[in-house]
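I have placed the structure first, in the form of C-alpha cells, so that the comments after it can refer back to it.
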Amino acid sequence: MFDAAEEEEHQEVVKERRKRKEIEIFVGGLDKDATEDNLRKVFSKVGEVTKVRLMMNSHTKKNKGFAFLRFATVEQAKRACTELKNPLVNGKECGVSPSQDNDTLFLGNICKTWTKEALEEKLEHYGVDNIEDLTLVEDTNNEGMNRGFAFLEFCSLSEAMDAFKWLQKRNVTFGVDRPAKVSFEDSFIDPGDEIMAQVKTVFIDGLSASWDEDNVREFLKEYGKIEKVELARNML
C-alpha cells in the first residue's frame with residue numbers, strides 16, 4: 001500500500017494530467033491516409049495546435065482512424081468541439097469530442113531505477129502490448145530515476161479494462177517486492193458529493209484472493225442493499 005505522502009504525490013500528478021486533458025480533443029472517423037499535417041491544417045483555424053497524436057497501425061503503417069490534438073488553451077479546445085464538430089480532414093468527414101480519461105491506467109510500485117524500455121518489456125511479458133502511450137513519471141530531483149509510477153493510455157476503455165484485469169493479479173510485479181498497484185486514472189480524482197450521489201457501482205481493490213461473493217456481501221452489508229457482485233477473476 002502507499003503511504004499518505006505517496007498518495008498525495010500521485011493525486012497531484014493526476015490533477016496536472018487532468019488539466020492537460022482539458023486542452024485536448026479526440027478526433028475519430030479519420031481517413032486512414034490522413035496525416036498530422038492534414039489535422040493541423042484543419043484545426044489550426046480555431047487555435048494553436050501544440051501536439052498531435054495520430055494513432056498508427058504498426059502493420060499497415062496507416063493511421064487507426066483516430067487522433068488526439070492538444071491546444072494552447074482550454075478555450076481553443078472548446079472552440080474545436082463546438083465549431084468543428086464534423087470537419088473534413090483529407091476529404092472525409094470526422095467526429096470531434098473532448099478527450100476522455102477512462103482509457104488510462106495508473107500503475108504503481110515500479111522500481112525507481114527502471115527505464116521506460118524496461119517497463120515496456122515487462123508489460124509485454126505480462127501480455128500488455130497494446131499501449132498507445134506510456135508515461136513513466138520522472139524524478140526531477142534525481143537524474144535517471146523515476147517516481148515509482150506510470151500512466152498507460154489505451155485506445156479504448158475495453159482495452160484498458162483487459163489490461164487492468166491482467167495487471168491486478170497478485171503475481172504481477174515491476175522490480176519491487178510487492179504487487180503492482182493498478183487503478184483507473186479517474187479513481188484518483190475526488191468527484192464531489194453531487195456526482196457521488198449518482199454513483200451506483202464501486203470498485204474495491206486489495207481484497208483477499210480467497211474471498212468469494214458472499215464474503216464481499218457480508219463485508220459491505222452495513223452500507224446498504226447490494227444488487228450485484230462481480231469478482232475481477234470471473235471477468236477474465
Side-chain angles (χ1 to χ4, degrees), residues 1-15 17-18 21 99-137 146-191 195-196 199-221 223 226-236:
M1 299 295 289
F2 297 136
D3 59 29
E6 287 179 313
E7 194 78 17
E8 184 177 353
E9 179 184 31
H10 300 161
Q11 290 182 7
E12 287 302 313
V13 174
V14 169
K15 287 177 182 178
R17 286 174 58 83
R18 174 60 63 84
K21 283 287 187 180
S99 183
Q100 301 296 317
D101 289 331
N102 58 6
D103 58 358
T104 303
L105 295 181
F106 167 89
L107 181 65
N109 288 346
I110 299 169
C111 177
K112 294 185 178 181
T113 61
W114 276 25
T115 62
K116 180 179 178 179
E117 291 72 25
L119 179 57
E120 288 175 332
E121 183 177 344
K122 194 66 170 180
L123 284 164
E124 289 181 5
H125 170 75
Y126 289 126
V128 181
D129 57 2
N130 58 342
I131 300 169
E132 293 292 346
D133 188 49
L134 187 156
T135 303
L136 181 59
V137 182
N146 70 72
R147 292 163 70 178
F149 58 96
F151 296 94
L152 318 179
E153 292 187 37
F154 297 84
C155 70
S156 67
L157 173 60
S158 61
E159 290 193 1
M161 278 295 298
D162 288 340
F164 173 81
K165 294 169 192 175
W166 285 108
L167 295 174
Q168 59 88 37
K169 295 179 179 179
R170 292 297 173 184
N171 64 341
V172 172
T173 60
F174 292 93
V176 296
D177 60 355
R178 49 183 177 174
K181 174 73 174 179
V182 59
S183 64
F184 278 87
E185 182 179 29
D186 274 350
S187 66
F188 280 90
I189 302 297
D190 182 2
I195 293 178
M196 284 305 298
V199 173
K200 304 299 181 183
T201 303
V202 297
F203 168 78
I204 303 175
D205 192 15
L207 295 178
S208 169
S210 64
W211 274 29
D212 58 18
E213 293 184 12
D214 290 337
N215 293 123
V216 177
R217 289 181 182 277
E218 178 65 24
F219 181 67
L220 298 174
K221 65 180 183 181
Y223 300 105
I226 298 174
E227 298 291 339
K228 182 181 181 181
V229 175
E230 187 163 8
L231 300 175
R233 62 172 177 263
N234 296 333
M235 297 166 64
L236 296 175

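Please read these numbers as outputs of a predicted model, since none were measured by experiment.
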Would a 4.5 Å heavy-atom cut-off, applied to side chains only, mark Trp114 and Lys122 as touching?
yes
- prompt: Backbone N or O of Cys111 within a donor-acceptor pair of the Asn146 side chain at under 3.5 Å?
  reply: yes
Closest non-hydrogen atoms of Ala163 and Phe154, given as atom of the first, atom of the second and distance, are CB-CZ, 3.4 Å
By salt bridge (charged side-chain N to carboxylate O under 4.0 Å, His left out), Glu117 pairs with (sequence neighbours left out) none
Quick check on Asn171: does its CG atom have over 12 non-hydrogen neighbours (other residues, nucleotides or ligands) under 6.0 Å away?
yes
Below 4.5 Å, heavy atoms only, C-beta onward: do Tyr126 and Thr173 meet side chain to side chain? yes
Between the main-chain N or O of Pro179 and the side-chain N or O of Asn109, is there a donor-acceptor pair closer than 3.5 Å?
-> yes
For Gln168 and Lys165 the tightest heavy-atom approach is NE2-O, 3.2 Å
For Arg217 and Glu227, the nearest pair of non-hydrogen atoms, with its separation, is NH2-O, 4.0 Å
Are the side chains of Leu134 and Leu123 in contact, using a 4.5 Å heavy-atom criterion?
yes
Closest heavy-atom pair, Phe174 versus Leu119, reported as atoms and distance to 0.1 Å, is CD2-CD1, 3.6 Å
Heavy-atom closest pair (Phe164 atom, Leu105 atom, distance to 0.1 Å) is N-CD1, 3.8 Å
Minimal heavy-atom distance between Glu153 and Thr104, with the atoms involved, is CG-OG1, 3.4 Å
Q.
Looking at Asn215, is its backbone amide N or carbonyl O close enough to the side chain of Asp212 to form a donor-acceptor pair, meaning the two atoms are under 3.5 Å apart?
A. yes
